[in-house]
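Structure first, then comments.
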Amino acid sequence: MNHVAIDIGASGGTVFLGEVTQSSFDVREVHRFDNRPVERDGRYVWNVEALVDHIGDGIRAADDPADGLDTVGIDTWGLDFGLLADGELLRDPVSYRDPESTATREQVFEAVGKRRLFDATGITNWNTPNTLWQLHTLAEREPELLEQSDGLLMMPQLLSAELGGRPAGEVTIASTTQMVDPERRAWATDLLDELSVPSDILPTLSEAGQRLGTVDDDVVSDLASTPEIVTPASHDTAAAVAGLPLVEDAAFLNTGSWFVLGVERDEPVRTEAAFEQAVSNELGVDGSVRLLKNINGFFLLEECREAWRDAGQPVDYETLLSAAEKAQPRTALVDTDADSFGIDEPMPDQIRAYCRRTDQPLPTGQGGIVRCLLDSLAAKTALELDALAAVVEDSPSRIVLGGGGVRNELFCQLLADATDRPVSTGPVEATAVGNVLTQAVATGTVPDIETGRQLVESAFETTTYEPQAGGEWADAKDRLAALTDASSSEA
């Protein structure tokens, strides 16, 4: 079977062709494109029309070498959504990075309290602009927009509908909203009623594997076949975890604009310890729950690269990582989740300003800034793994890494050192692998996720990084913990 996996993140999209049989698993990239919020009428929004055009180009690129395409599945980042009336978008979806998208967050906390939010949804992502906050802001400031709407679709299902699929809801992407009861795997309507957030516009939720129709040839023309649109695990992290060769004692870390660190469990965990450690429950494939921590990841690095590109400086990873390797380690650290980091100013300037405010040496040159970010992310992940370990019965003894960080050998070694645990790499394109795998399960080529993971493990090479300098990171972790506490108190 030939499956097209469309994986769109908050900084770019990639289209893959997956060829799967009962005994083989192959995924290869066929198309890549940029994706960043665009500024319109003073707001940062997603250009849906451009995204659909890019998706069409990717499907056509996959169609060329393939002996017909069987299915297409889209996964994206979480949180963001489109509002529709009579099947038409009312306006471009606002990016969660838009400074005004969660303007009433504190009102939500005051109205129901963080503990009520956690008990209802299992989510504690206080550093993440959740869909709930975005909708609450709309209900308070633009109620007429919600009154006009007769439907809400999360980004993967919105784009699937633009391709010709029927409107739908899917649990993995919905669980990022802070509006889903993780035990019932359904919308937490009682909570929404308390906050006067409308629930009648929300789609019915189903597990991955729904068949939504076929690609409309008026939208994507000149295809040799007419592929079916299915829902994979449509949250990119859920897809990535599905595509990782996890073992029982391992934590997963999916690396991209966001880092998502966690473990798979059969049931949600809504204990006092989980609340105190700010651990969240998001939904995975096969009825699983991903007990996790969200960390603002390579977003800061990508924003630095964008600023350097605009300034005519080198931005290729080889040059930047070589310079970072030569830079003095652990001299300056930043809390990547600090509210002060945004998209409205050049990121290198924001990092230096942060270090100046916190009385740290200013990172010099590109190498110094990149090393500051990599050290900070390794230390931050180590702190969050400690928090996760305090919640689960058996502390993870290793980390399985997926996403772009797999290619970053310096970061992989720093991560092993900071966490004092072996780090094994899964597929670089773990999200695409999981997307294809869940499509293959939906069509019956692969009987279940576990069988698929075995296929994946045999299809991809892995590297293991052993910790070499764990003791040297104790001070860095303590310093970052103090910075994180300061950021939290300021927020």
Side-chain angles (χ1 to χ4, degrees), residues 11 253-259 261 295-309 311-336 341 346-352 354-355 358 360-385 398-429 461-480 483:
S11 59
L253 178 67
N254 192 50
T255 55
S257 295
W258 286 94
F259 283 10
L261 171 75
I295 303 164
N296 206 359
F298 288 137
F299 165 71
L300 273 67
L301 175 58
E302 291 306 311
E303 287 295 302
C304 283
R305 292 180 70 231
E306 188 70 20
W308 290 329
R309 184 181 291 111
Q313 296 178 269
V315 296
D316 62 284
Y317 288 109
E318 184 177 354
T319 298
L320 296 178
L321 293 177
S322 176
E325 199 157 9
K326 296 170 186 173
Q328 191 70 21
R330 299 180 294 280
T331 56
L333 300 170
V334 300
D335 175 17
T336 59
F341 294 120
M347 188 57 68
D349 294 346
Q350 295 184 56
I351 290 168
R352 282 188 287 265
Y354 179 97
C355 293
T358 52
Q360 298 185 84
L362 300 189
T364 58
Q366 290 178 301
I369 288 177
V370 174
R371 186 57 184 255
C372 167
L373 291 178
L374 296 184
D375 285 343
S376 300
L377 286 170
K380 181 83 172 185
T381 303
L383 289 173
E384 298 292 31
L385 184 59
R398 63 185 60 243
I399 299 171
V400 179
L401 184 71
V406 169
R407 292 194 183 101
N408 191 329
E409 294 182 7
L410 173 59
F411 173 72
C412 290
Q413 188 59 59
L414 295 177
L415 182 65
D417 294 344
T419 60
D420 198 27
R421 288 170 172 83
V423 173
S424 299
T425 59
V428 173
E429 304 296 354
E461 292 184 7
T462 63
T463 302
T464 298
Y465 296 82
E466 297 291 343
Q468 298 176 357
E472 299 177 8
W473 282 84
D475 175 65
K477 289 171 63 178
D478 287 344
R479 285 161 49 207
L480 185 60
L483 292 170

E303 side chain near Q350 side chain, heavy-atom distance below 4.5 Å: no
Residue pair R352 / I369, side-chain heavy-atom distance below 4.5 Å: yes
Checking the side chain of Q413 only, and the main-chain atoms of E466 only, is there a donor and an acceptor separated by less than 3.5 Å? yes
Among residues at least two apart in sequence or on other chains, which ones pass side chain to side chain contact (heavy atoms under 4.5 Å, CB included) with E302? R305, Y317
Under the side chain to side chain contact (heavy atoms under 4.5 Å, CB included) criterion, do L483 and Q360 qualify, and how do the steps go? CA-CA 11 Å; L483 292 170; Q360 298 185 84; 3.8 Å; yes
Shortest non-hydrogen contact from P314 to T319? CB-CG2, 4.1 Å
Please lay out, stage by stage, how C372 and V334 fare under the test side chain to side chain contact (heavy atoms under 4.5 Å, CB included). CA-CA 7 Å; C372 167; V334 300; 3.9 Å; yes
I need the T419 OG1 to K477 NZ distance, nearest 0.5 Å. 8.0 Å
Which atom names give the shortest non-hydrogen contact between G405 and C412, and what distance separates them? O-SG, 3.3 Å
Assess the residue pair Y354 and D335 against the criterion (side chain to side chain contact (heavy atoms under 4.5 Å, CB included)); give the C-alpha distance rounded to whole Å, side-chain angles, the decisive distance to 0.1 Å, and a yes or no. CA-CA 9 Å; Y354 179 97; D335 175 17; 3.5 Å; yes
Close side-chain approach of L374 and F298, heavy atoms under 4.5 Å: yes
Is any side-chain heavy atom of T425 less than 4.5 Å from a side-chain heavy atom of Y465? yes
Heavy-atom closest contact (M347 atom, L300 atom, distance): CG-O, 3.5 Å
CZ on F341 to CD1 on I351, rounded to 0.5 Å: 6.0 Å
Donor-acceptor contact present, side-chain R421 to main-chain R398, <3.5 Å: no
I need the D375 CG to T331 OG1 distance, nearest 0.5 Å. 7.5 Å
Find the distance between CD (E325) and CG (L320) and round it off to the nearest 0.5 Å. 13.0 Å
Side-chain touch D417/E472, heavy atoms, less than 4.5 angstrom: no
Shortest non-hydrogen contact between G402 and T255, atoms and distance: O-OG1, 2.8 Å
Nearest non-hydrogen partners of L362 and C355, listed with the distance: CD2-CB, 3.8 Å
Give, for atom CG of L401 and atom CZ of F411, the distance between the pair rounded to the nearest 0.5 Å. 6.5 Å
Quick one: pull up CG in L377 and CG in L414 and give me the separation to the nearest 0.5 Å. 10.0 Å
Salt-bridge present (E318, R407; N to O < 4.0 Å): no
Atom of L480, atom of S376 and distance for their closest heavy-atom approach: CD2-O, 3.5 Å
Using a 4.5 Å cut-off on heavy atoms from C-beta on, say whether the side chain of T336 contacts that of F259. no
